[in-house]
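Can you keep this structure in mind? I'll have questions shortly.
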Amino acid sequence: MALPESFMKKMTALMGEDEARTFFATYEQDRALGLRVNPLKIEPEQLRALSGFHLQPIPFCSNGFYYQEEDAPGKHPYHQAGLYYIQEPSAMFVADTLAPQPGERVLDLCAAPGGKSTQLAARMKNSGLLIANEPYPKRAKALSENIERMGITNAVVTNEMPERLADYFPGYFDKVLVDAPCSGEGMFRKDPEAATYWSPAHVAECAALQEHILEDAYVMLRTEGTLVYSTCTFAPEEDERMIAALLKKHPDLELLPIEKYANVSDGRPQWADDEQSLTKTARLWPHLLRGEGHFVAKLRKHGSASSRKQKNAASAKENTLSDYRAFEEQTLCEKLAGSFHWLGRQLFLLPNACPDLGKLKVVRAGLHLGEQKKNRFEPNHALALALLSDLFQNQYALSASDQRWDSYLRGETLPLTHARKGWTVVTIDGYPLGWGKAAGGQLKNSYPKGLRRRGLK
Ligand SMILES: C[S@@+](CC[C@H](N)C(=O)[O-])C[C@H]1O[C@@H](n2cnc3c(N)ncnc32)[C@H](O)[C@@H]1O
């Protein structure tokens, strides 16, 4: 592929001719394709056995696998069931570096379309609070759909600028990820268009934006909290130099070592201020491993953090839940417990100890249970995707070898062989795909209109 000339000159000056030649040669090779198995729903061996995909472990990411183009996992109904997330292999290294634990408060500040958020939530085992934020509304919607598909229940998706969140959540988070908007040099193979709008000026603009975002992230970190900063670019201005400047500005930040294995490399201090501790940062290079370019830095904040007293979000009163409870009794095998919360007529089950979300623009608040209609409750798609199939009383079982799944995902009505009525979950080899409503010998299709046929044929 054609690379911008000034990019090639710059990389040659940085790397030296020999390394630059090997590096540029990767642009003539096919990129590696990756998917990450969703441990909230399935184990890798089960997926391999069920799907027949040609999966090979990605050595630098737990649950990450290379697949072959012919597997076409994006067109498979298991994708719609949230059994995996298709993700660039090197990008999978980042969330494991932050390593969030169940029960923690975690912020993913630049989160769309959700590769890293869904990986963080899986590591948190749906326990604790993940705020997944994206300032662009359309991208926030895509993020929210991916959170839903993967069956994540502990995430609040917000659509805010970082500075507004920083006013709201000073000193609040145990862990913060800034997967920054960047000049994308590491993705030229995946997204050749990115190479066409590359320029030195764009690198400088990105660096200026990243500096602001990092400042807001710093404010939101509690004392002894951990920050991970990542980009998918090679530009030192956005990588080592960004971290060198951040450390100078905030001497209470400590750069932490990142464990390097499987050809993940050290950052390059000689491209910044020669501060040797920058070797603790990590670089993933396409000529050294099977994946695109990435940079990752991990830091701890030792200084004090100002904080704001946070109220918890108000719980709905039980007497407002009667239609939901009637639906639950007829449809689910268990009563759901926790903090129920109304946003207008939409009912959510909030993550534990969810803060009051006040005037923030919230796209999703935990598990979206459904909508209050006149005298009845209608379930949301998210509820079907968040529970395991044995928690639903009525199931319509499909298999990947039976093309009726295609009709279902296209929004068609399915025939029934029994007279049972009511909300029914449609499954694919035992994994929920969505809702249907049984009546008059048919299963009416409730697969969301906006998702129909997406990624299919
Ligand atoms: C590298 S992408 C994030 C990818 C995502 N973390 C994932 O793994 O799927 C950077 C994101 O930052 C968003 N962004 C752009 N400007 C921003 C800003 N000022 N503050 C926060 N995020 C911003 C972009 O819209 C984009 O979705």
Using modelled atom types and a 3.5 Å cut-off, is there a donor and acceptor pairing between side-chain atoms of Thr196 and backbone atoms of Pro192?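 No: the side chain of Thr196 does not pair with the backbone of Pro192.
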Are any side-chain N or O atoms of Arg105 and backbone N or O atoms of Gly128, one a donor and one an acceptor, separated by less than 3.5 Å? no
How many angstroms lie between NZ in Lys298 and CG in Leu98, if you round to the nearest 0.5 Å?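 Answer for the NZ-CG pair, Lys298 versus Leu98, is 7.0 Å.
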Salt bridge (Lys or Arg N to Asp or Glu O under 4.0 Å) pairs, two or more places apart, involving residues 411-425: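 Checked against salt bridge (Lys or Arg N to Asp or Glu O under 4.0 Å) - neighbours excluded - no pair reaches residues 411-425.
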Return the set of residues passing salt bridge (charged side-chain N to carboxylate O under 4.0 Å, His left out) with Glu334 (not counting sequence neighbours), or none when no residue passes.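 Counting only residues at least two positions away or on another chain, Glu334 forms no salt bridge (charged side-chain N to carboxylate O under 4.0 Å, His left out).
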Taken in chain and number order and not counting sequence neighbours, the residues that satisfy ring-ring contact (aromatic ring centres under 6.0 Å, His included) with His341 are none
Is Ser127 reaching over with its side chain to a backbone N or O of Gly103, donor-acceptor style, under 3.5 angstrom?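 Between the backbone of Gly103 and the side chain of Ser127 there is a qualifying donor-acceptor contact (under 3.5 Å).
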I'd like to know whether CG of Asp30 has more than 12 heavy-atom contacts from other residues, nucleotides or ligands below 6.0 angstrom. no
Flag the pair Leu414 / Tyr408 as yes when at least one side-chain heavy-atom distance between them is below 4.5 Å, and no otherwise.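 Sidechains of Tyr408 and Leu414: in contact.
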With rounding to the nearest 0.5 Å, note down the distance linking CZ in Phe169 to CD in Gln310. 5.5 Å
All N/O donor-acceptor pairs, side-chain side in residues 431-444, below 3.5 Å, sequence neighbours left out:
residue : atom : partner : partner atom : Å
Tyr431  : OH   : Gln46   : NE2          : 3.3
Trp435  : NE1  : Asn380  : O            : 3.0

Are the side chain of Thr331 and the backbone N or O of Phe327 linked by a donor-acceptor pair below 3.5 Å? yes
Are any non-hydrogen side-chain atoms of Ile213 and Pro181 less than 4.5 angstrom apart? yes
Only pairs at least two apart or in different chains count here, so list each salt bridge (Lys or Arg N to Asp or Glu O under 4.0 Å) that has a residue in residues 32-43. none
Please name all residues satisfying salt bridge (charged side-chain N to carboxylate O under 4.0 Å, His left out) with Glu211, sequence neighbours left out, ordered by chain then number.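 None.
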Partners of Tyr168 by ring-ring contact (aromatic ring centres under 6.0 Å, His included), sequence neighbours excluded? none
What salt bridge (Lys or Arg N to Asp or Glu O under 4.0 Å) pairs are there with at least one residue in residues 45-68, not counting sequence neighbours?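 The answer is Glu45-Arg48.
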Ring centre gap for Tyr84 and Phe65 strictly below 6.0 Å: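 Aromatic pair excluded; centres sit 6.0 Å or further apart.
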To the nearest 0.5 Å, what is the distance between SG on Cys206 and CD on Glu185?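 So the SG of Cys206 and the CD of Glu185 are separated by 9.0 Å.
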Check whether Arg31 reaches the backbone of Pro286 with its side chain - one donor and one acceptor, N or O, closer than 3.5 Å. no
Nearest 0.5 Å please: distance from the CZ atom of Arg123 over to the CG atom of Asp96.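 Arg123 atom CZ to Asp96 atom CG measures 4.5 Å (nearest 0.5 Å).
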Would you say Asp239 and Thr231 make side-chain contact, with heavy atoms under 4.5 Å? yes
Any donor-acceptor pair under 3.5 Å linking the side-chain atoms of Trp423 with those of Gln330? no
Who passes side chain to side chain donor-acceptor pair (under 3.5 Å) against Tyr85, sequence neighbours left out? none
Just do the side chain to side chain donor-acceptor pair (under 3.5 Å) check on Asn445 and Thr413 with the steps written out, would you? CA-CA 5 Å; Asn445 197 310; Thr413 299; over 6 Å; no
Taken in chain and number order and not counting sequence neighbours, the residues that satisfy salt bridge (charged side-chain N to carboxylate O under 4.0 Å, His left out) with Lys116 are Asp179
Could you walk me through whether Gln346 and His368 pass the side chain to side chain donor-acceptor pair (under 3.5 Å) test, one step at a time? CA-CA 7 Å; Gln346 306 296 330; His368 191 178; 2.8 Å; yes
Are Phe234 and Phe295 close enough that their ring centres sit under 6.0 Å apart? no
Glu88: partners by salt bridge (charged side-chain N to carboxylate O under 4.0 Å, His left out), with sequence neighbours left out: none
Determine yes or no for a side-chain-to-main-chain donor-acceptor pair under 3.5 angstrom, with Ser144 supplying the side chain and Ala140 the backbone. no
Under-4.0 Å salt bridge between Lys301 and Glu224: no
Quick one: does any side-chain atom of Asn312 pair with a main-chain N or O of Pro355 as donor and acceptor, under 3.5 Å? no
For residues 65-74, which residue pairs pass the side chain to side chain donor-acceptor pair (under 3.5 Å) check, not counting sequence neighbours?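 Checked against side chain to side chain donor-acceptor pair (under 3.5 Å) - neighbours excluded - the pairs reaching residues 65-74 are His54-Asp71.
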